[in-house]
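Reading through the structure tokens given below for one structure.
Hydrogens, waters and symmetry mates are skipped; everything else that's a heavy atom, side chains included, is used. Chain letters run A, B, ... following the sequence lines, proteins first, then strands; residues in each count from 1.
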Amino acid sequence: MRHLLTLDHMPRADITRLLDRAEEFRARGQQRGLLAGRTVLNLFFENSTRTRTSFEIAARRLGADVVNFDVSRSSTAKGESLLDTLHTLEAMKLDALVVRHGENRMPDWLAEHANTMVAIINAGDGSRAHPTQGLLDALTVRQRRDDFENLSIVICGDIRHSRVARSDVHAFTALGAHDIRLCAPRALLPEDADEFRGCALTEDFDAALGDADVVVMLRIQKERMAAALLPADSDYFAQYGLDARRLALATPDCLVLHPGPINRGVEIAPEVADGAQSRILDQVGNGVSVRMAVLAEVLTPAA
Amino acid sequence: MRHLLTLDHMPRADITRLLDRAEEFRARGQQRGLLAGRTVLNLFFENSTRTRTSFEIAARRLGADVVNFDVSRSSTAKGESLLDTLHTLEAMKLDALVVRHGENRMPDWLAEHANTMVAIINAGDGSRAHPTQGLLDALTVRQRRDDFENLSIVICGDIRHSRVARSDVHAFTALGAHDIRLCAPRALLPEDADEFRGCALTEDFDAALGDADVVVMLRIQKERMAAALLPADSDYFAQYGLDARRLALATPDCLVLHPGPINRGVEIAPEVADGAQSRILDQVGNGVSVRMAVLAEVLTPAA
Amino acid sequence: MRHLLTLDHMPRADITRLLDRAEEFRARGQQRGLLAGRTVLNLFFENSTRTRTSFEIAARRLGADVVNFDVSRSSTAKGESLLDTLHTLEAMKLDALVVRHGENRMPDWLAEHANTMVAIINAGDGSRAHPTQGLLDALTVRQRRDDFENLSIVICGDIRHSRVARSDVHAFTALGAHDIRLCAPRALLPEDADEFRGCALTEDFDAALGDADVVVMLRIQKERMAAALLPADSDYFAQYGLDARRLALATPDCLVLHPGPINRGVEIAPEVADGAQSRILDQVGNGVSVRMAVLAEVLTPAA
């Protein structure tokens, strides 16, 4: 694997290998020698302290140097083209660029235009993909459920604009899931249902939750709610928030996931976020392990 | 020691052990193997480049990884609760959080709510405590004076709002000092004198300096001066600034301390800040050593 | 060499030794043991993510710790004097300060006032010097041309305000160059031609390019163009931009350099920046190697 750009069409065997490797790193904690002498640069065009920190910790636990390139203060802001930034960073002999960008497919574009062997890792691009999130969500489910074939999975929130929803669907379906229900108010359901082919679309959260084994709640952006003429927080919560009553509609041990940061009382009730079925903190821990696996995969020959 | 939250009620033996360990690190310079593979995260809700840098250097000289979590750009600013931030960081398997926060007791609150063995180190909370500053001030005095029982110590400045004054009083009294004189204009003296029990309170700086062995000058915040209807800079300096004439009222070799950064001509005259009795730069060097000792103490079994 | 402040009057032997060492590091990639246990602090009063990153990568490839001191959030901004900042940083036992400052000679002033053995490395001061840029430009030329004696070199752009032009002239002349042509609109030619003694001054770029072996294009600051009543971008490009037609006036294999970040279509045409004669990305790679050489030179006894 040269780059990690998307999970779309990634073979099941590749995903399984990455998850297996993440489990090894989770057990082992660190392996400082693996990437010693390598340099990983975080190139975040959108702020995400949490994801950047997760990648930074992952890279260091493998012994790599990590450089945080402060885009907001760089010459990119002064009008240098992104291509010139790419080639400049490559000329410094970096081994990997971890890229977050507001536009879809920008990491792919960087990978296509790279002159060197630099690995591009997508840390989230527009509404299109967030592959390490998809992997860590799949790992979190796999730790608790034996096989994806028999799972009913609900993803609820701003599906239309969510790169998390897209990468989750790619990961879960690759691993065998075929009952995935995407739930949102109409304005936040996908415009193009083909993008999520195989998934059911619904506006009725209660119905979607019936017999669900996994429910992934998405963070709702308040800006988006206003733009979509959505009801106020409390009304949104009444219709699409996950509280204990609603969670009881699912199977008794239904797993609850959320990519974070959570908006308590907007899309998820505190008693659910902090409850026994919540796997939210497992996700955070798995995030570091998955990112170690991805860095190891693109920067070293497979074991 | 699991955490370092305050020096209040810390036993003399613990303080002495920390200072002894700091002296060892000062002599040795570094000990890269001690915290190799450990991760320390700086979580500063108030900016303090200087203190953050001192902790960063201390942690690295013990071989730890250091991650600076940029609170101003994180989801905390987007409304994530502090508790969710804490648990998220814990899930990344951090070993220590170095916390600065504007509210009193916030580090204690984090320590109480931690789910894991993460160590919380208070790098200054509100007006309540700045324990590493108290320790480094005590170390600076101890390097020049044999015992605290016979010392007369003056602390002058904004006592009321100063976490430095509180932690200094805790450290100095634990080590045996019983003649501590707190000096400030009335509006900046403590409202509750019990908090500083055993210390004399005075508005008369000249009188307080008589026979003093140590004088700790505090940084005066200009915002505070205005709010407290204090006189302008030059008038403040006339009454509470430490210049050569006033320093001559103390013992001939009276030590001069200041936590920095200094306001020259506001609370201290250049000839004193740069003079032979100034120990201000010793304090900075001791700061790194003390922080190494604290990190070693909370992250490794005692030697 | 204790510090690196300027290339002005640096002996040819010193420059040659630094370039030779840079070549060694370029071949070797890294040498982690060389500066293990040393601490380098980046102290940038002007933002330059690119140069800061280059120094950071260089220091880490030699095994040093790197601390980025965020001046914009530090007490310097709160009114601490630069001298107090210097002495505070020295008290933390730093080995080198990499300084960028808007005022001429500020790094020299820091070197004069340092109390310790800390090495000061100038990463650009005002319009006066940018010695690592001069060295990396010299290295880039030397990799392609055997000797500087016979070279005709053109430097074009805002000569008057350019620290790059000054350091390039110092490096190239020390290595034997005596045909250096400085080209700019009148308002951007030097006020004091003595500063560039030995160099020809001209406003005619086409004429200057005749038989040129090397052309260094400088980044033009749009603010400066307005202030100097210069023509708009397109007019500037017509007179002083380097395009393929103009480059054809030089020798067929004339090298094209630019310190970056480039303004495409303002001072350089894309077909030249990306063309076969462009050495711009070599410069970036050489920047890391030269900074490794400089750090090694000031922090270790010569090999």
Subject >> Per-residue contact mode, A:Arg32 against chain B (heavy atom under 4.5 angstrom) >> reply: side chain
**OP:** In plain terms, say whether A:Glu23 and A:Arg26 are close enough for a salt bridge, that is, a side-chain N and a carboxylate O under 4.0 Å apart.
**Re:** yes
Original post:
In terms of heavy-atom pairs under 4.5 Å, which option from A:Glu56, A:Gln283, A:Arg52 contacts chain B the most?
Top reply: A:Glu56
**OP:** Examine the side chains of B:Asp84 and B:Ser81 and answer whether a donor and an acceptor come within less than 3.5 Å of each other.
**Re:** yes
Original post:
Is the CZ atom of A:Arg246 crowded by more than 12 outside heavy atoms at less than 6.0 Å?
Top reply: yes
Subject >> Interface moiety of B:Thr88 toward chain A, non-hydrogen atoms closer than 4.5 Å >> reply: both
**OP:** Determine the interplanar angle of the A:His101 and A:Phe45 rings, folded into 0 to 90°, and report it as parallel if under 30°, tilted if 30 to 60°, perpendicular if over 60°.
**Re:** tilted
**OP:** With a 4.5 angstrom heavy-atom cut-off, could you sort out which part of A:Leu281 is near chain B: side chain, backbone, both or neither?
**Re:** both
Original post:
Side chain, backbone, both or neither: which part of B:Asn115 has a heavy atom under 4.5 Å from chain A?
Top reply: side chain
Subject >> B:Met1, CE atom: more than 12 neighbouring heavy atoms under 6.0 Å >> reply: yes
